[in-house]
Amino acid sequence: VKKFYLTTPLYYVNAKPHIGHAYTTIAADALARFKRLMGYKVFFLTGTDEHGQKVQKASEAEGLSPKDFTDKLSQTFRDLWQKLNIEYDDFIRTTEVRHVKAVQYFWKELNRKKLIYRKKYEGWYCTPCEAFWTERETAGEKKCPQCKRALEKISEENYFFAISQFQDWLIEHIRKHPQFIMPETRRNETFAFLEKNKLVDLCISRPRARLAWGVDCPLSPDHVTYVWFDALINYVSACGFREPRSKFSEFWPCDVHLIGKDILRPHTVYWPIMLHAMDIEIPQRVFAHGWWMQDKTKMSKSLGNIVNPLEVIKEFGEDAFRYFLLREVPFGKDGTYSDVAMTTRFNTDLANDLGNLCHRTLHMMEKYFECKLAANTAAKAENVLKKEAQMLAQNMERHLDLLQFNDALIQIWSYINEANKFIEDQAPWKLAKENSEKLPEVMGSLCEALRVIAQGVWPFMPGTALKIWKKLGLDARPILNDSFDKVKWNYFKEGTVTEKGDPLFPRRK
Ligand SMILES: [Zn+2]
């Protein structure tokens, strides 16, 4: 059995989930569902990143202990994933014992390999970003190059991970594996960074006196682990790294880490180096997607223009929201969210194209055959719907292997439009009038096409796929267990009863 391991980043729990978190997770869920449809054994991991100064401060502001605060926030992420129909295989929290053990093993092992050293450090520190900056990086401004807030001068002893010696190896790896970092703009970004800058050894500890909320450093009672160093390790700790008979041997290396473009460097520079230094194979691919804006501004908490996924779901439904995010912009580019754009997609793609196809077909089934589909009605059909149904999975796979979600959806919609055109061309109402024996074959073919369309739609809009199968009088389970690339035609059994029911997507004003 082919395996597929994919992850979202672990979401930092200093605030509630927003559209950016939803975007990565929906994309991961669609990819996981598609791979399962294609017969892969899938491990889909998500979770929450819970240590560090920002969490400590946010919990103090709410008058909660960091533990109680992270319990509460972590649950808001799980609740949203449930509302969005996200089927992850594991949800890891960096405060779990299995994770802490793995982090401490990294410490000990890198120390044994003499890749960790202790040094007095003086530098400029930005608390909100939890980042140290060199004199050169601040350009004498005493302001954070990232967030432009004032920096603090800090002098303390810390542990450093000697990453600089792996720079040439990493450059070579990226050069040899053009699909390791995607899309190409992000690959070029990491490449340019590595070519232009000498890597500075990574400070991987924080003094406990300043920050207590972190993974204990096994080398010193006075230090805890830097939150980024801790968080990245989740990708191996969650699949049972170093545990007997675990998923690790089955699923590692990871096939794709899905991330937002703002966390490109930790994932394409620090993480591969951490793994390589540990003699662990590095992931196949890191894919960084773009940002969602509203009115041309990046959504951020400080700007107060965050789209709340819960409100969009309430207004349009979770499937329409999932569809919109993956259809509206190519994965990797920035997008703009607006209710107007959302309504347009809803009315044209969902209500008109897909909804009408389903409704018209089932209405005619009712009118001409009292909803009963005779067996073998489509057996002898040699038409465009049958021919293209057999291509659909492969066409989608070609795009989804490159994480081109919008192009995969365009493939399904071109098939949907083919089916709508088929109705016009065949004109079942004329065939009915003429009492033509072609009518059962035409209607059977449309029902087969709808069943296949639901299979294609399933990764993106699972609730809608289930509704279509139900309307067709079919049980979803055997369909989902069948490999999508071996589409059967003539699937319906004698006595199948269809049901028109309510429209899938009632048009919106
Ligand atoms: Zn900053």
Side-chain angles (χ1 to χ4, degrees), residues 9-21 24 48-62 66 69-70 73 94 121-161 163 186 189-190 192-194 196-214 223-232 259-271 288 290-293 297-306 334:
L10 289 203
Y11 301 119
Y12 202 57
V13 292
N14 64 329
K16 282 185 185 147
H18 56 71
I19 192 172
H21 302 116
T24 327
T48 42
D49 175 9
E50 309 192 346
H51 290 118
Q53 198 140 9
K54 276 185 270 188
V55 166
Q56 184 170 303
K57 290 209 163 157
S59 64
E60 279 162 14
E62 287 214 8
F69 177 79
T70 53
L73 262 292
T94 55
Y121 181 87
E122 248 187 24
W124 295 100
Y125 187 70
C126 174
T127 307
C129 298
E130 291 180 63
F132 283 105
W133 302 102
T134 61
E135 203 71 47
R136 217 186 92 218
E137 283 168 318
T138 65
E141 282 270 330
K142 294 179 193 169
K143 273 191 192 139
C144 173
Q146 201 162 299
C147 72
K148 310 289 171 208
R149 279 178 271 223
L151 293 169
E152 263 178 278
K153 184 114 192 185
I154 274 182
S155 166
E156 59 195 27
E157 282 218 336
N158 267 314
Y159 288 90
F160 289 79
F161 172 30
I163 62 170
R186 299 298 153 235
E189 190 181 320
T190 297
F193 168 75
L194 287 168
K196 281 186 203 131
N197 302 278
K198 180 90 192 84
L199 278 182
V200 180
D201 287 348
L202 197 63
C203 179
I204 57 169
S205 69
R206 294 292 181 263
R208 192 184 292 278
R210 185 154 65 76
L211 170 68
W213 185 240
H223 290 87
V224 299
T225 311
Y226 170 49
V227 64
W228 261 114
F229 186 76
D230 145 18
L232 288 164
I259 61 166
K261 65 181 181 181
D262 51 329
I263 51 175
L264 185 69
R265 198 175 301 169
H267 282 85
T268 58
V269 178
Y270 306 145
W271 179 230
W291 282 332
W292 281 94
M293 340 241 189
T297 323
K298 189 201 161 198
M299 282 181 216
S300 73
K301 203 173 155 229
S302 52
L303 292 168
N305 62 346
I306 296 179
D334 291 338

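Read the numbers this way: they start at 1 and go in the same order the structure lists the ligands and their atoms. Hydrogens, waters and symmetry mates play no part in the numbers below; they use all other heavy atoms, side chains included. These numbers come from a predicted model, not from an experiment.
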**Report entry** Audit row: Tyr226, Ser205, side chain to side chain contact (heavy atoms under 4.5 Å, CB included) steps and yes/no
**Finding:** CA-CA 5 Å; Tyr226 170 49; Ser205 69; 5.9 Å; no
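- The distance from the CZ atom of Arg206 to the CG atom of Leu211 is 8.0 Å, given to the nearest 0.5 Å.
- Around CZ of Arg265, the count of heavy atoms belonging to other residues, nucleotides or ligands within 6.0 Å does not exceed 12.
- Atom OG1 of Thr48 and atom CG of Leu73 lie 9.0 Å apart (nearest 0.5 Å).
- Between Arg186 and Glu189 there is a salt bridge, with a side-chain nitrogen of the basic residue lying less than 4.0 Å from a carboxylate oxygen of the acidic one.
- At a cut-off of 2.8 Å, measuring from the Zn ion (ligand 1), the protein N, O or S atoms that fall short of it are Cys126 SG, Cys129 SG, Cys144 SG, Cys147 SG, waters left aside.
- Cation-pi geometry between Lys142 and Trp124 is not satisfied (NZ or CZ under 6.0 Å from the ring centre, within 45° of the ring normal).
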